[in-house]
Amino acid sequence: MEIRKKLMMVILLTCGAVLLLTSLTFAISEFITFRQTAKRQLATLGEVIAANSTAALAFDSKEDAAEILSALKAEKHIVEACLYDENGNVFSLYQTGSASPVFPAIGAEGYLFEDAHLVGFQKVFQDEKYLGMLYLKSDMNAMYDQLVVHGVIASLAIIVSLLMAYLLSKKMQQSISKPILALAEVAKIVSQQKDYSVRATKVGQDEIGLLTDAFNQMLTQIQEQNIEITSFNQKLEQSVQERTNDLNRVNKELEAFSYSVSHDLRAPLRSVNGYAQMLQEDHADKLDKDGLRITNVIIESAKRMGKLIDDLLDFSRMGRQEIVKSTINMDTFVKGVVDELMEGEQERHINIVVHRLGVVSVDPNMIRQVWVNLISNALKYSRKKENVYIEIGSTVQPGEIIYFVKDNGAGFNMDYAHKLFGVFQRLHKESEFEGTGVGLALSKRIIDRHRGRIWVDSKLNEGTTFFFSIPNQ
Amino acid sequence: METDDNIVEILFVEDNMNDAEMGIRALKKSALGAHVLHLQDGEEAIQFLFSADIKNLPKLILLDLKMPKIDGIEVLRRIKSDPARKVIPVVVMTSSREECDIVDSYKLGVNAYIVKPVDFDKFTKVISEIGSFWISVNQTPLHNKIK
Amino acid sequence: MPVLKHIAYIQLKSKVKFIVFVFVCSVLLSAQIQPSREYQIKAVFILNFAQFIEWPADAFSSAKAPLVIGILGKDPFGQFLQDAIQGEKSKGHPLQVKRFSQVSEVKQCHILFINQTKSDQELDVITSSDNQHVLTISDATDFIQQGGIVRFVTENNKIRFQINLNAARQNEITISSKLLRLAEIVNN
């Protein structure tokens, strides 16, 4: 409820309650007074009638008594009257209305309220001589009528007063509500339009004025802080821009570098390899066994160097390339890679199980490299085992999917696990298993760029499981 | 190098003497070596192709990209923008796997782009296959011009 | 058997005498102890008159001096009136009943009930000397004309009374209007 309405309600309810209470008090006081007055008046009347009826009682004049009692007609609220003689017998009656009332036997002197009527007895004395008893019964209609009249007047008064209160309070509550509303309005503008330059006008020196001051101070502080933040942001932006420029520059240099490497390093390599082979093929008859062996070494070394260069170039490119994500079905994707790699492995007993891998958003080219690396590793390091069992699967964790490639191959000592992902790091001899030592480093780089994690668990001679995680919002 | 009958079937533009020797050896092994002309740079290639007294246009041009004086891209552009010569199949043979080189070459209308394998066997195999394909299998408007 | 007859006769005579004796006694007694209902009421009235009458100050020698109700002539009220005034007071004056047989005996009386008709002169005699302030009451038919103040009248089985205001005024007696209302005002 609005504050204006609240204030009005408070004032009107208070006024109403006060008026009601006052009216009630007066009504009650009136009621009590009226009854006392009625009693007194009836007692007075009773005394008068009694005094007048002494002779009638003394001298047994029923007509006179009746005449005296009939004077009660003047008081229209007297409904019954009765004179008893000194022995308690009914002497004379007076009644209004047609009903034949039952006149009570003589009671004690005095008046009391019974059934919405005032009844009572009055002894009739002439000097000290007791002559009889007077019984009077009066209805209370006078009082009720009066109460009703007063009630109507009071109600009118209350209504008029409330109206007055309403008009007055409507005017005067403004002194409280206006400043509050103004303050609320300013607050609304500030929050809606984010304009911290507005200020509320201070009206008066009361608590609202205090509030206004505090509010304005807050706004000033916010403004200043905003300026600070903005300038800080700008500086940050500048910094970032400079760094980005630096990075871009470095990237370009690296690109030029790798371009050069890819072209210039390969050519001599090709010559070494080619010429050694030409030597072998075209002049085999001039070479002895050792000569042939030496030529082979030359050829193999050149091939290895070529592979190293390719891997290094891939590794370098991966760092510079933009990551382009799309949603792929990992099941079909991995199955494709498995089929491709299996082409060269027709002879062995290889059992590859691919579990449900789900759908995920990754850079397909990059992730392909990871799968090729991990699965070909699994195949390579299982070469010495009779029955190869490779398991590929995934688990869904909160916020990420974890994939694994498990093999029952050579395994390695977990003490050296931390070396595994470094460039050119190998845990096996070249004679055991060939490799450049770049593959896992490349995979790690790719997974890092996807903001995931890659790790391994292995037992020497039993097998290895590689895990990597892809964040999944 | 010389050709027999002075017919040039294959123009081999390569600045690296070793690569050239290995390449020609490979072509010879697949019986295509007889009509190979080896030129060492882009300038010579263009002079040859655009000379006034050229008797016949080669059926295939094997083109290296990184060459001194005029590089392969420029040669490619010249060939493919000439109405008579643009029908000649051009196969770029280069060490570069760079995206930009591939894109530029295809934009200019190269017919094939090969990255020279480091492995000698593969190198030999690729050149033989390319030679066979473009000379024997593939048909061009030039095939009918030469006997 | 003349002896038996004689005895029976004597016995009868005794019986009759006895019966007569009892009869006379009862008559006499009743005449004295139980007045008739009429006179009971009149006695009450006479008593009550005292409440509605004001005598001048010199009618009483003191505040506690008795208020004397005199009865002239045969007392028709008997013991009843005597009993009725027992312990009663009127405005502080104890009540007393005095009986007179002669006019001359009447002295110091506030209310006087005259049972037999007397002549005017005798009434004057009553009123002139120290019996000035006396309320004279009677049944006599021409009591008012004779100068009496209150006369009992019986009509329709109800006892009413006539009051002679002038006579009352002459005796300096004030009669309450309450009483006057009930009475038939007759002046001589």
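Within every chain, numbering begins at 1; the chains are lettered A, B, ... in the order of the sequence lines, protein sequences first and strands thereafter.
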Peer 1: Quick check: are there more than 12 heavy atoms from other residues, nucleotides or ligands sitting under 6.0 Å from NZ of Lys89(C)?
Peer 2: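 Not buried by this count: 12 neighbours or fewer within 6.0 Å.
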Peer 1: Do the side chains of Leu118(A) and Lys137(A) get nearer than 4.5 Å, heavy atoms only?
Peer 2: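 Contact flag for Lys137(A)/Leu118(A) side chains = no.
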Peer 1: Can you tell which part of Glu67(A) gets under 4.5 Å to a heavy atom of chain C, answering side chain, backbone, both or neither?
Peer 2: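 Nothing of Glu67(A), per the 4.5 Å heavy-atom cut-off to chain C.
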Peer 1: Think Lys42(C) forms a cation-pi with Tyr39(C), using NZ or CZ under 6.0 Å from the six-ring centre and within 45 degrees of its axis?
Peer 2: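 Judged by the rule (NZ or CZ under 6.0 Å from the ring centre, within 45° of its axis), Lys42(C) counts as positioned above Tyr39(C).
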Peer 1: Which one of Ile53(C), Leu112(C), Ile46(C) satisfies the side-chain contact (heavy atoms from CB on, under 4.5 Å) criterion with Leu135(C)?
Peer 2: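 For Leu135(C), the side-chain contact (heavy atoms from CB on, under 4.5 Å) check succeeds only for Ile53(C).
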Peer 1: With only heavy atoms counted, which part of Leu179(C) is less than 4.5 Å from chain A, the side chain, the backbone, both or neither?
Peer 2: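 Contact with chain A is through both the backbone and side chain of Leu179(C).
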Peer 1: Please name all residues satisfying salt bridge (charged side-chain N to carboxylate O under 4.0 Å, His left out) with Asp213(A), sequence neighbours left out, ordered by chain then number.
Peer 2: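 Per chain and number, Asp213(A) pairs via salt bridge (charged side-chain N to carboxylate O under 4.0 Å, His left out) with Lys202(A).
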Peer 1: Using heavy-atom distances under 4.5 Å, tell me whether Ser90(C) contacts chain A through its side chain, its backbone, both, or neither.
Peer 2: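 Answer is backbone: N, CA, C or O of Ser90(C) sit under 4.5 Å from chain A.
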Peer 1: Heavy-atom cut-off 4.5 Å, strictly under: side chain, backbone, both or neither for Phe161(C) against chain A?
Peer 2: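 Just the side chain, heavy atoms under 4.5 Å.
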Peer 1: Per the salt bridge (Lys or Arg N to Asp or Glu O under 4.0 Å) rule, what does the pair list look like for residues 146-158 of chain C, sequence neighbours excluded?
Peer 2: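 For residues 146-158 of chain C, and leaving out neighbouring residues, the salt bridge (Lys or Arg N to Asp or Glu O under 4.0 Å) pairs sorted by first residue read Asp60(A)-Lys158(C).
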Peer 1: Output a table of donor-acceptor pairs, distance under 3.5 Å, between side-chain atoms of residues 151-165 of chain A and any protein atom two or more places apart or on a different chain; print 'none' if there are none.
Peer 2:
unit_1, atom_1, unit_2, atom_2, d
Ser155(A), OG, Gly151(A), O, 2.8
Ser161(A), OG, Ala157(A), O, 2.6

Peer 1: What residues of residues 21-55 of chain A sit under 4.5 Å from chain C when only non-hydrogen atoms are counted?
Peer 2: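 Under the 4.5 Å heavy-atom cut-off, Ala51(A), Asn52(A), Thr54(A), Ala55(A) qualify.
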Peer 1: Step through it carefully: locate the ring centre of Phe52(C), locate the ring centre of Phe59(A), and say whether they are under 6.0 Å apart.
Peer 2: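 Ring centroids of Phe52(C) and Phe59(A) are less than 6.0 Å from each other.
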